Amino acid sequence: MRAVENLVKGIEALVRLFGRIAAWTCVLLVALVSGDVILRYLFDFGALWLQELQWHLISPIALFGMAYLLLNDEQVRVDVFYEHFPVPVKRTIEVFGGLALLIMGAYIAWLTLPWVAQSFGRGEGSPNPGGLPYRWVLKAFLPFGFTLLALQGLAHALRNAFALPAQGD
């Protein structure tokens, strides 16, 4: 039982770390967009790489954020029904939901690996002149983000299956 709890805590610590990275990436994105607007309209200066960087930053926000939302129990569910279920039924739903996320996240991560490997092998960069190189780094967020979601799905299922106390942020 202690090993399961330590595993869950370890996974959740990892997810929390990447959730914080996603949050700080939001701050960076706001700063970049603000800076881009100021440069463009006050100084008549624009850079394609700056615009590409802005949409590149959305990837870690979304892909790290989805596991973080599950960690903090902010996932979408039909609460109108769920809130009336007895606790054992709620736990069962959470266990099966976590296992479904584990399977789905692992499968999507596995499906994206050849795509990322191909991009890395070709040294893929932006097709636009003055754009960002290393587009494969952006694509690598896909398997990583879905692996993080799969791990958090596992932690979620274990936490509910073993009735471990909820852990706050």
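As a basis for the values below, the full set of heavy atoms in this structure was taken, side chains included, without hydrogen atoms, waters or symmetry mates. What you see is a predicted model; the values in this text were computed from it and never measured.
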> To the nearest 0.5 Å, what is the distance between CG (Leu70) and NE2 (His156)?
Replying inline: 5.0 Å
> How long is the span from the CD atom in Glu12 to the CG atom in Leu17, to the nearest 0.5 Å?
Replying inline: 13.5 Å
> So if you build clusters from Ile, Leu, Val, Met, Phe, Trp, Tyr with side-chain heavy-atom gaps below 4.5 Å, do Phe81 and Val89 land together?
Replying inline: yes
> In terms of hydrophobic clusters joined by side-chain contacts under 4.5 Å, are Val15 and Val4 together?
Replying inline: yes
> Rounded to the nearest 0.5 Å, what separation is found between the CG atom of Leu132 and the CH2 atom of Trp55?
Replying inline: 8.5 Å
> Any idea which heavy atoms bring Val116 and Trp136 closest together, and the distance?
Replying inline: CG1-O, 4.2 Å
>> Among residues at least two apart in sequence or on other chains, which ones pass side-chain hydrogen bond (donor to acceptor under 3.5 Å, both in side chains) with Ser119?
In response: Glu124
>> Between His56 (side chain only) and Glu52 (backbone N and O only), is there a donor and an acceptor less than 3.5 Å apart?
In response: yes
> Taking atom OH of Tyr134 as the centre, does the number of heavy atoms from other residues, nucleotides or ligands within less than 6.0 Å exceed 12?
Replying inline: no
> Has Phe96 got more than 12 heavy atoms of other residues, nucleotides or ligands less than 6.0 Å from its CZ?
Replying inline: no
> Say you draw a straight line from CG of Leu99 to CG of Asn160; how long is it, rounded to the nearest 0.5 Å?
Replying inline: 10.0 Å
> Which heavy atom of Phe64 sits nearest a heavy atom of Leu148, and at what distance?
Replying inline: CD2-CD2, 4.2 Å
>> A side-chain contact here means heavy atoms from C-beta on lying under 4.5 Å apart; do Leu158 and Leu164 qualify?
In response: no
>> Is there a path of hydrophobic side-chain contacts, each under 4.5 Å between heavy atoms of I/L/V/M/F/W/Y residues, joining Leu29 to Trp49?
In response: yes
>> As an exercise, state the distance from CD1 of Ile61 to CE of Met66, rounded to the nearest 0.5 Å.
In response: 13.5 Å
> Can you name the closest pair of heavy atoms from Leu151 and Ile11 and give their distance?
Replying inline: O-CG2, 3.4 Å
>> Could you work out, with salt bridge (Lys or Arg N to Asp or Glu O under 4.0 Å) as the rule, every residue matching Glu94, not counting sequence neighbours?
In response: Arg77
> Looking at residues at least two apart in the chain, or sitting in another chain, which of them share a ring pair (Phe, Tyr, Trp, His ring centres under 6.0 Å) with Phe146?
Replying inline: none
> Nearest heavy-atom pair of Pro143 and Thr147: which atoms, and what distance?
Replying inline: O-OG1, 2.7 Å
>> Let me check something: do Val95 and Leu154 share a hydrophobic cluster, defined by ILVMFWY side-chain heavy atoms less than 4.5 Å apart, either directly or through other members?
In response: yes
Return a table of donor-acceptor pairs under 3.5 angstrom between the side chains of residues 100-115 and protein atoms on other chains or two or more places apart.
| residue | atom | partner | partner atom | Å |
| --- | --- | --- | --- | --- |
| Thr112 | OG1 | Ile108 | O | 3.4 |
| Thr112 | OG1 | Ala109 | O | 2.9 |

> Could you give the distance from CZ (Phe141) to CG (Leu57), rounded to the nearest 0.5 Å?
Replying inline: 8.0 Å
> Do you know the tightest heavy-atom contact between Pro60 and Ala22?
Replying inline: O-CB, 3.9 Å
Got a list of side-chain donor-acceptor pairs under 3.5 Å for residues 34-48, not counting sequence neighbours?
| residue | atom | partner | partner atom | Å |
| --- | --- | --- | --- | --- |
| Ser34 | OG | Val30 | O | 2.8 |
| Asp36 | OD1 | Arg40 | NH2 | 3.2 |
| Asp36 | OD2 | Arg40 | NH2 | 3.0 |
| Asp36 | OD2 | Gln54 | NE2 | 3.2 |

> If you look at every heavy atom in Arg91 and Ala163, which pair is closest and at what distance?
Replying inline: NH1-CA, 3.3 Å
> Do Lys139 and Ser59 have side chains that get closer than 4.5 Å, going by heavy atoms?
Replying inline: no
>> Holding to salt bridge (Lys or Arg N to Asp or Glu O under 4.0 Å), I want the full list of residues that pass it with Arg2, two or more places apart in sequence or in another chain.
In response: Glu5
> Is Ile21 reachable from Leu149 through a run of I, L, V, M, F, W or Y residues, each pair having side-chain heavy atoms under 4.5 Å apart?
Replying inline: yes
